[in-house]
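Working notes, structure below.
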Amino acid sequence: MLSGSYIAVSFVSYSIPLFLLTGYLILQFDIKEYRVKKMEKERKLSKCLGWVNLALGAGLMVVDHFIL
């Protein structure tokens, strides 16, 4: 983003890949491990957290592309 005579770097450009990567990794690895260990509450919470991370990453990507 250009602001006057300098270039400002926002945290959004760094957080998008982090949200997407952590959401994917949670859904890919944690849920399977909790299923094997029969930890249902932890599996449900990890599933919710993984999808929230993916949704935040996708939402921030849209905001960054169209608004920022």
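Just so we're clear, the structure is a prediction, and the values are computed from it rather than from any experiment.
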Hydrophobic cluster (4.5 angstrom, side-chain heavy atoms) - remaining members for Leu49: Ile26
Residue list, side-chain contact (heavy atoms from CB on, under 4.5 Å) with Val62, at least two apart or on another chain: Phe66
Gap separating the OG atom of Ser46 from the CE atom of Met39, nearest 0.5 angstrom: 9.0 Å
Same cluster (ILVMFWY, side-chain, under 4.5 Å), Phe11 and Val52: yes
Partners passing side-chain contact (heavy atoms from CB on, under 4.5 Å) against Lys32 (at least two apart in sequence or in another chain): Gln28
Qualifying residues under side-chain contact (heavy atoms from CB on, under 4.5 Å), relative to Ile16, sequence neighbours excluded: Val12, Leu20, Leu60, Met61, Asp64
Heavy-atom closest pair, residues Leu27 and Lys47: CD2-O, 3.8 Å
Pairing residues for Glu33 by the salt bridge (charged side-chain N to carboxylate O under 4.0 Å, His left out) criterion, not counting sequence neighbours: Lys37
Interatomic spacing from CG in Leu56 to CZ in Phe19 - rounded to 0.5 Å: 5.0 Å
Remaining members of hydrophobic cluster (4.5 Å side-chain criterion), Leu21: Tyr24, Leu25, Phe29
